[in-house]
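Everything on this sheet refers to the single structure shown next.
Order of listing sets the numbers, starting from 1, for every ligand and every atom in it.
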Amino acid sequence: MSISSYDALLFGSEEKSNMIIKPRTRGFICTTSHPAGCAAQVQKQIDYVQSKPVIEGPKNVLVIGASTGYGLAARITTAFGAKANTVGVYRPSSGSEKRTASAGWYNSAAFEQAAQEAGLKSYSVTGDAFAKETKDKTIQLIKEKLGKVDLVVYSVASARKTDPETGETYNSVLKPIGKPFTNKTVNFHTGEVTDITLEPATEQEIRETVAVMGGDDWEAWIEALRAAEVLSEDVTTISFSYIGSEITKAVYREGSIGRAKDHLEATALKLNDELQSTGGRAYVVVSKGLVTQSSSAIPIVPLYISSLYKTMKEKGIHEGCIEQTYRLFTDRLYAGGEPPVDEAGRIRIDDWELREDVQAEVVKIWDQVTSDNIYDLTDLEGYRKEFFQLFGFETEGVDYDADVDPDVKVPNSI
Ligand SMILES: NC(=O)c1ccc[n+]([C@@H]2O[C@H](COP(=O)([O-])OP(=O)(O)OC[C@H]3O[C@@H](n4cnc5c(N)ncnc54)[C@H](O)[C@@H]3O)[C@@H](O)[C@H]2O)c1
């Protein structure tokens with residue numbers, strides 16, 4: 001898609017002049033997004049996939065949590081790499097004359113426009129993924145438009161969930177378990193490195209984190225799709241997990257979120273057993289740590305990722321969401337035959353992150369890093385830039401002084 005077709009997408013045929021959009025941050029989040037910048041970021045991912053060999057992969061794909069991060073990359077990879085029709089599920093967020101929509105909304109609008117220009121079917125279901133109504137709407141849409149799906153990607157990352165059965169709301173926390181944990185962290189806007197102590201999660205907090213980020217909702221989706229007979233017999237379903245390094249172990253893998261990932265991984269094995277009877281399969285994919293809206297919210301992790309980026313870029317093995325996802329589909333999931341899995345049945349695409357030489361270098365950086373040397377020792381500048389790019393800022397070819405209409409429509413959304 002050319003910049004001029006972004007204009008048609010974003011501004012419609014009438015000339016509108018509404019606002020100049022600049023980044024505004026609150027803590028680790030950016031509260032504004034730029035529609036043309038998001039469209040350019042989506043196009044960059046599409047260009048990457050189109051520069052690579054075609055994937056002999058799925059034909060009808062459902063992505064739950066499709067508007068940013070790994071979910072968006074999976075949608076782009078399957079659509080533009082395997083010519084798949086896609087249904088994306090994500091939270092609604094429309095802009096108005098005074099307020100921008102979310103980056104995910106602008107990403108999805110740009111994706112749908114590009115998919116349709118490429119002759120692919122693409123539909124968006126906007127709603128709360130945890131709600132029964134969203135599942136029902138999605139099933140109805142698949143029945144009407146695609147018949148069945150042969151790949152379901154579950155990539156929801158959320159801080160809370162309201163249980164559709166009980167109406168109870170659960171919050172997920174990012175805390176260690178058992179005892180407090182102190183380590184370095186960085187304010188990635190200022191480069192200030194400080195020590196942070198995280199208090200351990202309570203049993204209740206652990207349970208709630210598992211309820212939000214564990215495998216229950218993935219399982220509920222697969223059960224609902226299966227009961228409605230909209231899964232092909234040989235359906236594949238995947239969700240994403242993380243292991244990471246010794247540095248982040250206490251806050252991530254051995255922390256409250258790690259318990260949720262244990263649950264997600266156990267759910268994959270259970271789903272795999274169930275789907276195997278008809279030739280289907282379910283996997284958890286352990287991916288690499290990278291800059292997304294979710295990972296920037298985890299204490300300690302942005303400093304680790306900045307050190308990791310520096311190391312992996314120097315070694316020529318750096319990957320973002322789209323590179324990871326393309327490699328997942330071509331080298332693992334659709335490489336022919338069963339994908340290699342580890343002792344726990346997980347597909348590993350974090351192999352380069354966890355290479356011994358990479359981790360040794362990251363630990364060396366970690367031991368030395370302070371506020372004074374952070375921009376030399378780590379790729380914090382790259383981290384900061386990528387963070388703003390998630391919201392459509394700091395993107396080449398975009399005129400940030402131009403008036404833009406923040407009210408963008410997603411073409412095929414219900
Ligand atoms: N970022 C990393 O470093 C990393 C590494 C390994 C694994 N993962 C895993 O990948 C998965 C996706 O995370 P990400 O980093 O791409 O995050 P992300 O924040 O970029 O994406 C999360 C997606 O979930 C959607 N979403 C959130 N709540 C929703 C709701 N209630 N209803 C509908 N959609 C909702 C968002 O719209 C978005 O599309 C998570 O399981 C995460 O743990 C991330």
Query raised in the report: Can you find a side-chain donor-acceptor pair between Glu117 and Gln113 that sits under 3.5 Å?
Result: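 Short answer, yes.
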Query raised in the report: Is it true that Arg207 and Glu168 make a salt bridge, defined as a side-chain N closer than 4.0 Å to a carboxylate O?
Result: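 Result for this pair is no, no salt bridge flagged.
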At under 4.0 Å between heavy atoms, is it the side chain or the backbone of [X] that contacts ligand 1, or both, or neither?
X      : value
Ser239 : neither
Ala157 : both
Lys261 : side chain
Cys321 : neither
Asp128 : both

Query raised in the report: Looking at ligand 1, does Gly104 have a heavy atom less than 4.0 Å from it?
Result: no
Report task. Tell me, please, which residues at least two apart from Arg332 pass side chain to side chain donor-acceptor pair (under 3.5 Å). Result -> Asp351
**Report entry** Option nearest atom 17 (O) of ligand 1 (shortest heavy-atom distance, choices Ser294, Pro92, Ser296, Ser155)
**Finding:** Ser294
Query raised in the report: Can you name the side chain to side chain contact (heavy atoms under 4.5 Å, CB included) partners of Glu208, sequence neighbours left out?
Result: Tyr170, Asn171, Gln204
Requested in this report: Please round to the nearest 0.5 Å and tell me the distance separating atom CD1 of Ile76 and atom CG of Asn107.
Outcome: 7.5 Å
